[in-house]
Amino acid sequence: MFVTVLKSKIHRVSITESDLNYIGSITIDEDLMDAANIIANEKVTVVNNNNGARFETYVITGERGSGTICINGAAARLVQTNDVVIIMSYAMMTLDEAKSFKPSVVFPNTKTNRLVK
C-alpha cells in the first residue's frame with residue numbers, strides 16, 4: 001500500500017507578481033526551492049491565505065535570491081500581489097517509509113520571501 005504525504009512546504013510567502021498571459025505555473029526563487037527540496041516542473045499545491053483559493057500547478061525556477069513568487073497563467077486570477085500563500089508538494093511512499101519520513105518545511109520572511117538565517 002502507498003500513502004501520499006507532505007514532502008515539501010514553503011510556509012507563508014507573499015505573491016510578488018502574477019502574469020495572466022504566461023502559459024501557466026508558479027515561479028519560485030531558487031533559494032526557496034532548494035531549501036524546501038522542490039525541483040523544477042514538480043507539481044505543487046498553492047493555498048492562498050487571503051481568499052482561501054487552492055490550486056495545483058508546476059514549478060518554474062526563479063532567480064536565486066530574488067524573493068520571486070509569481071503566479072502564471074489562469075491561476076493569476078486567484079491571487080493579488082502581496083497575498084500570502086503556502087506552497088506544498090507531496091510524495092507517494094510505502095506506509096513504512098511514510099512513518100519515518102520528515103518533510104522539508106521552510107519558514108521564510110513573509111515580507112521579503114527570503115530565508116531567515
Side-chain angles (χ1 to χ4, degrees):
M1 171 177 35
F2 288 93
V3 294
T4 304
V5 298
L6 179 69
K7 179 185 94 45
S8 304
K9 180 178 179 182
I10 302 173
H11 188 78
R12 297 182 57 86
V13 285
S14 297
I15 299 297
T16 57
E17 58 188 300
S18 60
D19 185 353
L20 181 62
N21 295 311
Y22 194 84
I23 295 171
S25 65
I26 181 172
T27 304
I28 302 174
D29 177 327
E30 192 170 11
D31 283 343
L32 295 174
M33 290 174 59
D34 288 349
N37 195 27
I38 293 174
I39 61 170
N41 301 309
E42 185 169 353
K43 179 180 175 180
V44 293
T45 299
V46 180
V47 179
N48 187 330
N49 285 4
N50 292 78
N51 65 19
R54 297 176 72 96
F55 56 92
E56 293 179 336
T57 190
Y58 64 93
V59 175
I60 292 178
T61 304
E63 182 182 346
R64 187 176 294 282
S66 65
T68 297
I69 302 292
C70 179
I71 305 298
N72 301 300
R77 295 202 182 272
L78 302 175
V79 301
Q80 293 184 18
T81 300
N82 297 318
D83 279 358
V84 175
V85 298
I86 298 169
I87 303 164
M88 299 167 285
S89 70
Y90 302 89
M92 290 183 65
M93 57 189 73
T94 67
L95 189 56
D96 285 340
E97 290 172 318
K99 287 178 180 178
S100 62
F101 180 77
K102 301 290 183 228
S104 298
V105 180
V106 294
F107 299 89
N109 179 307
T110 303
K111 293 186 189 321
T112 66
N113 293 344
R114 290 184 176 74
L115 297 170
V116 177
K117 298 189 184 198

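Because only heavy atoms are used, hydrogens play no part in the values below, and waters and symmetry mates are left out as well, while side chains stay in.
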Under 3.5 Å, is there a donor-acceptor pair between the side chain of [X] and the main chain of [Y]?
| X | Y | value |
| --- | --- | --- |
| N113 | P108 | no |
| S14 | T110 | yes |
| D83 | Q80 | yes |

Using side-chain heavy atoms (C-beta onward) and a distance below 4.5 Å, is [X] in contact with [Y]?
| X | Y | value |
| --- | --- | --- |
| V46 | I26 | yes |
| V79 | F55 | yes |
| Y90 | K7 | no |
| F101 | M93 | yes |
| I10 | I28 | yes |
| L6 | M88 | yes |
| L78 | N48 | no |
| V106 | H11 | no |

Practice task
Could you tell me whether D29 and R114 have a side-chain N and a carboxylate O separated by less than 4.0 Å?
Solution key: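 Looking at D29 and R114, the cut-off is not met.
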Could you tell me which non-hydrogen atom of [X] sits nearest to which non-hydrogen atom of [Y], and how far apart they are?
| X | Y | answer |
| --- | --- | --- |
| S89 | K43 | CB-O, 3.6 Å |
| A98 | V3 | CB-CG2, 3.6 Å |
| A36 | K9 | CB-O, 4.2 Å |

Problem - side-chain contact (heavy atoms from CB on, under 4.5 Å) partners of I23, counting only residues at least two apart - result: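 side-chain contact (heavy atoms from CB on, under 4.5 Å) list for I23, sorted by chain: empty.
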Practice task
Just jot down the side-chain contact (heavy atoms from CB on, under 4.5 Å) partners of N49, sequence neighbours excluded, or say none.
Solution key: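 Residues passing side-chain contact (heavy atoms from CB on, under 4.5 Å) with N49: R12, V47, V84, I86.
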Exercise for the section: Mind checking ring pair (Phe, Tyr, Trp, His ring centres under 6.0 Å) for Y22 and listing every partner two or more places apart, or none if nothing turns up? Expected result: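 For Y22 there are no ring pair (Phe, Tyr, Trp, His ring centres under 6.0 Å) partners, ignoring immediate neighbours.
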Exercise for the section: Step through the shown structure and confirm whether more than 12 heavy atoms of other residues, nucleotides or ligands are within 6.0 Å of CZ on R54. Expected result: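 No - once you tally the heavy atoms of other residues, nucleotides and ligands closer than 6.0 Å, there are 12 at most.
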Exercise for the section: Please determine, by modelled atom types, if D19 and N72 share a side-chain donor-acceptor pair under 3.5 angstrom. Expected result: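 There is no such pair between these side chains.
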